[in-house]
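In what follows, chains are A, B, ... by sequence order, proteins preceding strands, each numbered from 1. Bear in mind the structure is a predicted one, so any value in this text is a computation, not a measurement.
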2 protein chains.
Amino acid sequence: MISIKDIARAADVSHSTVSRALRNSPLVNPETSLRIRTIAQEKGYRVSAVGRSLVNRRTDTIGVVVTSIADPFNAEIVSGIEEIALTHGYSLLLATCHSDPNREMLAVQSFYERRVDGILVSSSRVGSLYRPMLADMKVPIIFINSHHPDDDMFSVTIDNHNAGLQATRHLVQLGHKRIGYLGNQFGLQADTQRYAGYRSALEEVDIGFDPELVVHGNGGPENAKSATARLLALANPPTALFCFNDMSAFGAMCAAREHGLAIPSDLSVVGLDDLLLSSYAEPALTTIRQPKHEMGRLAAGTLFQLLSGNSPERFISMRGELIVRKSTVPPRSSADAISTNHQKSGAGA
Amino acid sequence: MISIKDIARAADVSHSTVSRALRNSPLVNPETSLRIRTIAQEKGYRVSAVGRSLVNRRTDTIGVVVTSIADPFNAEIVSGIEEIALTHGYSLLLATCHSDPNREMLAVQSFYERRVDGILVSSSRVGSLYRPMLADMKVPIIFINSHHPDDDMFSVTIDNHNAGLQATRHLVQLGHKRIGYLGNQFGLQADTQRYAGYRSALEEVDIGFDPELVVHGNGGPENAKSATARLLALANPPTALFCFNDMSAFGAMCAAREHGLAIPSDLSVVGLDDLLLSSYAEPALTTIRQPKHEMGRLAAGTLFQLLSGNSPERFISMRGELIVRKSTVPPRSSADAISTNHQKSGAGA
DNA sequence: CTGAAAGCGCTAACAT
DNA sequence: ATGTTAGCGCTTTCAG
């Protein structure tokens with residue numbers, strides 16, 4: 001492997017001059033500089049980031065930990081992060097933790113050993129355990145899709161409570177009385193808050209809460225399918241379902257079909273995320289849009305602010321947007337509820 | 001930032017001893033070792049991978065470049081790679097190139113500067129240009145989903161020609177005569193070969209090839225949608241469509257619906273990839289399954305073989321598997337073709 | 001079993 | 001404008 005010294009020898013200068021020339025320092029004679037760079041080119045020389053990092057004390061690398069890269073939600077987040085990282089000349093170290101707090105910690109530690117300049121964690125489950133770790137590490141860390149309220153940590157999320165509220169309200173306004181919640185079993189903060197939003201929406205209109213109507217999957221369609229099957233087997237099944245995420249919603253719709261139900265007429269479904277494919281589903285999925293790409297960009301932006309000595313906002317909360325498509329309609333037999341709430345025409349049948 | 005010297009001072013030993021103790025060298029007194037490790041722990045010390053890499057001449061890092069991480073196909077490949085990397089204690093550097101050969105080269109060069117131990121490239125468009133680059137770099141590189149036949153390079157792909165063949169044959173056997181191809185505009189090798197397979201299948205049964213029936217998208221659903229719309233606007237539109245990938249197939253089905261066509265009765269669609277969501281689509285998508293996760297694992301496995309001095313196979317070709325689901329049926333009015341080909345019952349109407 | 005010393009590739013004072 | 005020297009954090013001979 002060819003180093004700065006090799007090309008110094010070839011150009012008959014000192015290695016410092018080579019170092020300078022290669023970085024276009026003005027302190028070096030243009031001619032020499034050109035000669036050096038030509039030789040470097042010929043030899044196919046490229047700086048060693050590791051040598052450089054050792055003295056510069058930065059690696060121009062950031063670490064990103066997500067639950068699973070195969071989950072399109074995370075993929076889009078990462079895509080936003082990468083976009084910003086690129087504009088700063090940074091590279092991305094990627095690790096997955098599969099919602100395992102232990103793996104999450106290991107990933108972060110591995111990043112620390114590699115001396116990344118900053119860390120981004122999506123859907124963290126570790127939360128408060130970070131404090132002591134961070135005290136040692138002294139590496140900026142930004143959370144995406146989870147927030148630690150008592151902490152002075154940085155995070156960007158959507159308002160999950162509001163998202164749950166919007167989704168459920170939409171169903172309520174359509175006239176649904178039996179609305180199920182298909183959550184995430186891992187106890188993510190996002191799940192807790194979306195669920196709380198769901199409960200709030202129910203309370204707003206005095207629809208009694210029925211614990212039978214809440215089930216949990218793992219965020220993937222297969223699990224969602226079996227969870228939904230349980231719901232549909234109920235003596236008094238729901239007429240609408242709010243799902244923790246779009247992937248779950250796809251599983252739910254599949255389960256419903258296999259149960260002989262038509263979507264949306266027999267079961268309305270609303271998801272959360274608005275994945276790329278959600279608008280291409282049949283029926284197109286009603287959902288709460290999360291600005292995933294933008295969240296990734298903002299999180300990375302926050303990090304770079306920090307790295308350049310600025311003081312960005314600690315807590316960025318975005319608003320999810322209800323996207324009404326084709327998977328939600330009024331329930332089969334409740335024309336009354338429809339006119340009262342949905343149409344707002346005051347024609348309270 | 002605390003270093004090996006700091007803890008050497010605290011433990012009143014030399015930094016070499018600390019280095020040994022921390023790596024559980026047998027050459028150090030168990031008592032001393034324990035003492036050192038305790039102190040290190042207390043101080044929250046973690047080795048610097050950059051210092052270590054400089055002397056070890058390896059970074060325990062591999063670089064992965066994909067077209068887009070938001071494409072589930074790539075996401076699953078990466079997921080397989082990550083799985084194997086993890087078992088070897090390696091980290092992943094991730095970059096996207098958006099099918100831009102230039103960005104692909106830049107990503108690879110950036111990886112080289114960072115002194116990754118190996119590089120994995122999915123859906124490369126650069127191809128032969130790598131040879132000179134690699135001559136300098138001396139970094140093992142493995143291609144996924146593209147293969148350079150004249151080269152001695154490593155690659156893992158599915159047999160794309162065969163995949164195109166299988167997909168189209170399936171349609172032919174169902175009795176379709178007008179079969180469209182929705183390709184990828186970027187001139188990927190995968191596209192060329194799938195298209196060739198399509199042509200072969202058509203020739204096998206003497207179905208005349210109609211150039212009007214081939215259109216191109218960019219691999220995403222939106223583009224596929226408009227491309228399909230063009231196809232459907234034809235005076236004599238296709239009754240079946242073979243799509244470069246599942247994402248395109250979703251777009252195609254969406255376009256068909258908007259055109260007032262029912263899937264599969266008015267238009268049969270077969271995709272290629274078998275994404276997680278493909279079986280949850282409505283109708284469930286008939287497709288050629290690519291063992292994405294396994295391909296990622298194999299590619300990473302090949303790399304680690306190389307890194308440990310073995311000589312793995314240079315060219316791993318896997319077989320795509322036809323998964324018949326609900327998006328393909330015989331065309332509306334050609335019962336003859338059905339009985340002849342599909343049912344093989346010889347009852348040639 | 002431990003320490004001293006050298007060196008990995010690079011940058012940055014500090015001299016010229 | 002260029003060279004010399006030191007040092008980033010670590011591993012590894014080589015001596016004890």
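The closest side-chain donor-acceptor pair between A:S48 and A:R52, if any, does not fall under 3.5 angstrom. For the residue pair B:N74 and B:T67, a side-chain donor N or O sits within less than 3.5 Å of a side-chain acceptor on the partner. Counting only N and O atoms by type, the side chains of B:R314 and B:S155 include no donor and acceptor under 3.5 Å apart.
Between A:Y45 and A:I4 there is a side-chain heavy-atom pair separated by less than 4.5 Å. Counting heavy atoms from C-beta outward, A:I119 and A:I62 have side chains that stay 4.5 Å or more apart. Taking the side chain as every heavy atom from C-beta outward, B:L307 and B:Y90 approach each other to under 4.5 Å. Side-chain atoms of A:S91 and B:S110, non-hydrogen and from C-beta on, do get closer than 4.5 Å to each other.
Close to C:dG9, at under 4.0 Å from its OP1 or OP2, lies a side-chain N or O of B:R57. Proximity of B:K5 to the phosphate of D:dC8: a side-chain N or O atom is located under 4.0 Å from OP1 or OP2. Applying the 4.0 Å criterion to OP1 and OP2 of D:dG9, one finds that B:R52 has every side-chain N and O outside that range. Put simply, A:S14 has a side-chain N or O that comes within less than 4.0 Å of OP1 or OP2 on D:dG3. Contact annotation: A:S48 does not reach the phosphate of C:dC10 (side-chain N/O to OP1 or OP2, under 4.0 Å).
Comment: B:E104 does not engage B:R125 in a salt bridge, judged by the lack of any side-chain N to carboxylate O separation of less than 4.0 angstrom.
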Produce the list of close N/O pairs, under 3.5 Å, pairing protein atoms with atoms of nucleotides 12-16 of chain C; give distances to one decimal.
from	atom 1	to	atom 2	distance (Å)
C:dA12	OP2	A:R23	NH1	3.2
C:dA12	N6	A:S16	OG	3.3

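For the pair B:I7 CD1 and C:dT2 P, the interatomic distance rounds to 13 Å; values are reported in whole Å. The distance between atom CG of A:D6 and atom P of C:dG9, rounded to the nearest whole Å, is 8 Å. The interatomic distance linking A:E113 (CD) with D:dG9 (C1') rounds to 13 Å, in whole Å. Atoms CD1 (B:I2) and P (D:dC10) sit 9 Å apart, rounded to a whole Å. Spacing between atom CG of B:L34 and atom C1' of C:dC1 amounts to 16 Å, rounded to whole angstrom units. Rounded to a whole Å, the CG atom of B:L54 is 12 Å from the P atom of C:dT11. Between A:N24 atom CG and D:dA1 atom P the separation is 14 Å, expressed in whole Å. Look at CZ on B:R58: it is 15 Å from C1' on C:dC8, rounded to the nearest Å.
When heavy atoms are screened at a 4.0 angstrom cut-off, A:S53 is found touching no nucleic acid atom at all. Within the nucleic acid shown, B:V50 has no heavy atom closer than 4.0 Å to any nucleic acid atom.
Counting only heavy atoms from C-beta on, B:S3 has its side chain closest to D:dG9 among D:dG9, D:dT2, C:dC10. Counting only heavy atoms from C-beta on, A:L27 has its side chain closest to D:dT2 among C:dG3, D:dT2, D:dG9. Here the side chain of A:T32 is nearest to one of D:dT11, C:dG9, D:dA1, namely D:dA1.
Residue B:I316 comes nearest to B:L298 through the heavy atom pair CG2-CD1, 4.2 Å, listed as atom of the first residue, atom of the second, then distance.
Counting heavy atoms of neighbouring residues, nucleotides and ligands inside a 6.0 Å radius, atom CG of B:D136 exceeds 12 of them.
At a non-hydrogen distance threshold of 4.0 Å, nothing from residues 105-112 of chain B comes into contact with DNA chain D.
In this structure, A:I4 and B:P30 both approach DNA chain C, and ranking their closest nucleotides by distance from the 5' end singles out B:P30.
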